[in-house]
Amino acid sequence: MPSFTKTILITGGAGFIGSHVVRLFVTKYPDYRIVNLDALTYAGNLQNLTDIETAPNYVFEKVNLLDATELARVFTQYQPDSVIHLAAESHVDRSILSPLDFVYTNVVGTVNLLNVAKTQWSQKTLRQAQGDNPFDNKLFYHVSTDEVYGALGETGLFTEETPYDPHSPYSASKASSDHFVRAYGDTYGLPVVITNCSNNYGPYHFPEKLIPLFINNIITKKPLPVYGDGQYTRDWLFVKDHAIAIDLVFHKGKKGSTYNIGGFNEWKNIDLVKELCRQMDEKLENPVGTSEALITYVKDRPGHDRRYAIDAGKINKELGWEPSVTFEEGLGQTIDWFLSNEEWLKGVTSGAYQHYYEEQYAER
Ligand code: NAD
Ligand code: DAU
């Protein structure tokens with residue numbers, strides 16, 4: 001049995017961003033043990049991690065955040081020093097249809113996890129070993145969203161000081177979980193850090209979100225449903241750059257702090273969709289304009305935030321982070337990945353991926 005210098009519990013590691021974070025930590029830090037805890041909801045897919053699933057420093061635990069007993073069992077069994085918490089319901093449209101699912105996982109699930117961390121890290125045995133502060137060398141890192149800040153007009157940027165003003169059930173649930181994380185820091189002294197990031201895109205993105213949905217619809221020649229007037233603005237960041245930022249904040253971020261993470265890369269939805277159509281036509285060798293002809297304006301999302309834009313100056317100045325790829329490169333790599341992984345896309349859209357756990361893990 002190898003000995004590890006650290007054990008990190010990563011929640012939501014079978015999801016889009018979580019799988020990139022798990023892969024980065026498992027491969028970059030062979031001396032860390034990475035425990036991936038995930039309930040495998042519709043968005044969790046262990047096929048996102050086939051390349052590292054047999055690594056000696058990787059463990060998977062199929063556990064729901066709502067099951068406090070199982071969370072405690074995982075903590076007792078692996079004794080993690082740190083938590084990187086990504087598990088969440090993440091899709092705004094689903095939150096409009098089913099807000100309570102977001103309250104359960106994002107709010108109650110996060111508080112369950114905070115409770116288990118606080119309780120287990122302050123156990124008597126740890127106190128004896130570590131003196132007065134049982135939280136020494138511990139960290140609870142919450143991965144959150146820029147949507148907690150609400151919506152911007154034509155100008156301005158979200159900073160870490162921007163007051164919270166969430167509008168969708170999703171962003172309200174993430175804002176609430178951020179507040180609980182800070183409350184556990186302030187009330188119990190739990191060492192916490194929060195990052196609020198803008199829209200990610202890249203490989204393994206679930207095809208319900210704008211970019212992967214539209215890539216899939218172009219491949220399958222279906223309409224591209226642009227909400228409202230298409231003038232809504234988002235800041236886009238390549239997912240691997242988000243994972244690199246999480247690694248930096250995890251190791252060097254100031255405890256008790258918040259860092260905004262963004263791509264310095266604002267796009268109006270319609271402009272982004274047209275750029276995506278252009279690149280897809282080029283790669284598929286379609287006549288110019290083939291994919292754009294699929295654009296269909298549809299009814300707007302209720303409560304749709306007009307514009308998000310991030311000031312990522314703090315993480316840049318304090319930790320030296322900046323995106324490593326341009327949007328054109330990142331989008332190109334993303335499209336190439338989806339085009340060479342059509343089986344993954346078919347499996348995800350048909351639901352076939354959900355049997356992978358039973359096939360690969362049940363007997364282990
Ligand atoms: P995702 O939906 O792709 O993955 C979420 C993962 O959490 C899935 O693997 C799912 O199985 C797991 N999960 C859901 N409910 C669970 C529960 N009750 N117990 C255990 N596991 C559960 O999400 P994502 O896009 O990778 O986002 C990850 C995190 O990053 C979320 O907290 C999200 O709010 C945040 N975030 C996302 C973006 C983005 O653009 N996608 C941007 C900023 C922040
Ligand atoms: O800002 C960070 C957030 O980005 C994350 O916290 C969320 O988890 C993530 O889902 C994402 O939220 P958005 O709502 O911004 O992402 P989505 O891809 O759903 O939509 C992006 C924009 O595109 C938004 O203005 C709505 C619009 N849209 C989306 C879909 C799915 C369309 O016009 N048509 C669509 O079919």
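As the structure lists them, so they are numbered: ligands from 1, and atoms in each ligand from 1.
For Leu37, no nitrogen or oxygen atom sits less than 3.5 Å from a nitrogen or oxygen atom of ligand 1, counting backbone and side chain alike. On a distance-only criterion, Leu213 and ligand 2 share no N/O pair closer than 3.5 Å. Looking at ligand 1, you won't find any N or O of Asn45 less than 3.5 Å from one of its N or O atoms. Distances between N or O atoms of Thr145 and those of ligand 2 include at least one value under 3.5 Å. Taking any N or O of Phe16, backbone or side chain, at least one lies under 3.5 Å from an N or O belonging to ligand 1. Considering backbone and side-chain atoms together, Asn199 places no N or O closer than 3.5 Å to any N or O of ligand 1. Considering backbone and side-chain N/O of Leu66, none are found under 3.5 Å from N/O of ligand 1. Between Arg234 and ligand 2, a contact under 3.5 Å exists for at least one N or O pair. Taking only nitrogen or oxygen atoms, main chain and side chain alike, Tyr170 reaches within less than 3.5 Å of ligand 2. Below 3.5 Å of separation, one finds no N or O of Tyr232 facing any N or O of ligand 2. Here's the thing with Asn200: one of its N/O atoms is less than 3.5 angstrom from an N/O atom of ligand 1.
Within the 4.0 Å heavy-atom criterion, the part of Lys174 lying near ligand 1 is the side chain and not the backbone. Using a 4.0 Å cut-off between heavy atoms, Ser198 contacts ligand 2 through its backbone alone, with no side-chain atom that close. The proximity of Val298 to ligand 2, defined as any non-hydrogen pair under 4.0 Å, does not occur for either the backbone or the side chain. Contact annotation for Lys209 and ligand 2: heavy atoms of both the backbone and the side chain come within less than 4.0 Å of the ligand. Of all the heavy atoms of Val92, the ones lying under 4.0 Å from any atom of ligand 2 belong exclusively to the side chain. At a heavy-atom distance under 4.0 Å, no atom of Tyr42 approaches ligand 1.
Asn199 ND2, 3.4 Å is the protein heavy atom nearest to atom 16 (O) of ligand 2. Looking at atom 34 (N) of ligand 2, its nearest protein heavy atom turns out to be Pro225 O, 2.7 Å. What sits closest to atom 9 (C) of ligand 2 on the protein, heavy atoms only, is Ser90 O, 3.9 Å. Here the protein heavy atom with the shortest distance to atom 1 (O) of ligand 2 is Asp146 OD1, 2.5 Å. Remark: minimum distance from atom 25 (O) of ligand 2 to any protein heavy atom is reached at His304 NE2, 2.7 Å. If you check which protein heavy atom lies closest to atom 18 (O) of ligand 2, you get Leu210 N, 2.8 Å. Among all non-hydrogen protein atoms, the one lying nearest atom 23 (O) of ligand 2 is Asn269 ND2, 3.4 Å.
Nearest residue to atom 44 (C) of ligand 1 from Ser90, Gly202, Ser144 is Ser144 (criterion: closest heavy atom). Closest heavy-atom approach to atom 4 (O) of ligand 1 among the candidates Gly15, Gly262, Gly12: Gly15. Which of Gly13, Ala39, Ser19, Gly18 comes nearest to atom 21 (N) of ligand 1 through a heavy atom is settled by distance: it is Ala39. In the candidate list Glu208, Arg307, Arg301, Arg301 is nearest to atom 19 (O) of ligand 2, counting heavy atoms. With Gln231, His205, Glu147 as candidates, the residue nearest to atom 13 (P) of ligand 2 on a non-hydrogen basis is Glu147. Of the listed options Phe158, Tyr227, Trp267, Tyr227 places a heavy atom closest to atom 30 (C) of ligand 2. Here the shortest heavy-atom distance to atom 18 (N) of ligand 1, taken over Val21, Asn64, Asp101, belongs to Asn64. The heavy atom nearest to atom 30 (O) of ligand 1, out of those in Val143, Asp38, Thr195, Asn196, is found in Val143.
Here the OH atom belonging to Tyr259 is positioned 14.5 Å from the CD1 atom belonging to Ile310, to the nearest 0.5 angstrom. Of the inter-residue distances, the one linking Phe4 atom CZ with Tyr29 atom OH reads 15.5 Å to the nearest 0.5 angstrom. Note that CD of Glu89 is 9.5 Å distant from OG of Ser95, once rounded to the nearest 0.5 Å. Atom CG of Asp235 and atom CZ of Phe158 lie 10.0 Å apart (nearest 0.5 Å). Within the model, atoms CZ of Phe327 and CD of Glu275 stand 7.0 Å from one another, a figure rounded to the nearest 0.5 Å. Residue Ser144 holds its OG atom at 9.5 Å from NE2 of His85, rounded to the nearest 0.5 Å.
Residue Leu40 has at least one heavy-atom neighbour below 4.0 Å for each of these atoms of ligand 1: 11 (O). Ligand 2 places these atoms under 4.0 Å from at least one heavy atom of His91: 19 (O). Less than 4.0 angstrom separates some heavy atom of Cys197 from each of these atoms of ligand 1: 42 (C), 43 (C). With ligand atoms numbered from 1 in the order given, ligand 2 contributes 33 (O) to contacts under 4.0 Å with heavy atoms of Val226. Applying the 4.0 Å criterion to heavy atoms of Tyr170 picks out, from ligand 1, the atoms 33 (C), 34 (O).
Classification of Asp229 and Arg306 as a salt-bridged pair holds, one side-chain N sitting under 4.0 Å from a carboxylate O. One finds a salt bridge joining Asp336 and Lys283 here, because a Lys/Arg side-chain nitrogen approaches an Asp/Glu carboxylate oxygen to under 4.0 Å. Salt-bridge annotation for Asp93 and Arg301: present, with a side-chain N of the basic residue lying under 4.0 Å from a carboxylate O of the acidic one. In summary, Arg73 and Glu61 engage in a salt bridge, as defined by a charged side-chain N under 4.0 Å from a carboxylate O. Between Glu358 and Lys62 there is no salt bridge, since none of the side-chain N atoms of the basic residue sits less than 4.0 Å from a carboxylate O of the acidic one. A salt bridge between Glu318 and Lys252 is absent, with no side-chain N of the basic residue lying under 4.0 Å from a carboxylate O of the acidic one.
Within the structure, the closest approach of Lys174 to ligand 2 does not fall below 4.0 Å when heavy atoms are considered.
No more than 12 heavy atoms of other residues, nucleotides or ligands sit less than 6.0 Å from atom NZ of Lys254. Annotation for Phe250: atom CZ counts as buried by contact number, over 12 foreign heavy atoms lying within 6.0 Å.
Side-chain contact of Ser198 with Asp146: a donor-acceptor pair under 3.5 Å is absent, judged by distance alone. Judged purely by distance below 3.5 Å, without hydrogens or angles, the side chains of Asp241 and Ser324 pair a donor atom with an acceptor atom. Between the side chains of Ser176 and Ser173, no donor N or O sits under 3.5 Å from an acceptor N or O. A donor and an acceptor atom, one from each side chain of Asn265 and Trp267, are located under 3.5 Å apart.
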*Working for side-chain hydrogen bond (donor to acceptor under 3.5 Å, both in side chains), residues Asn196 and Thr145*: CA-CA 4 Å; Asn196 297 86; Thr145 172; over 6 Å; no
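Note that Arg94 lies in the cation-pi zone of Tyr42, set by a 6.0 Å cut-off to the ring centre and a 45° limit from the axis.
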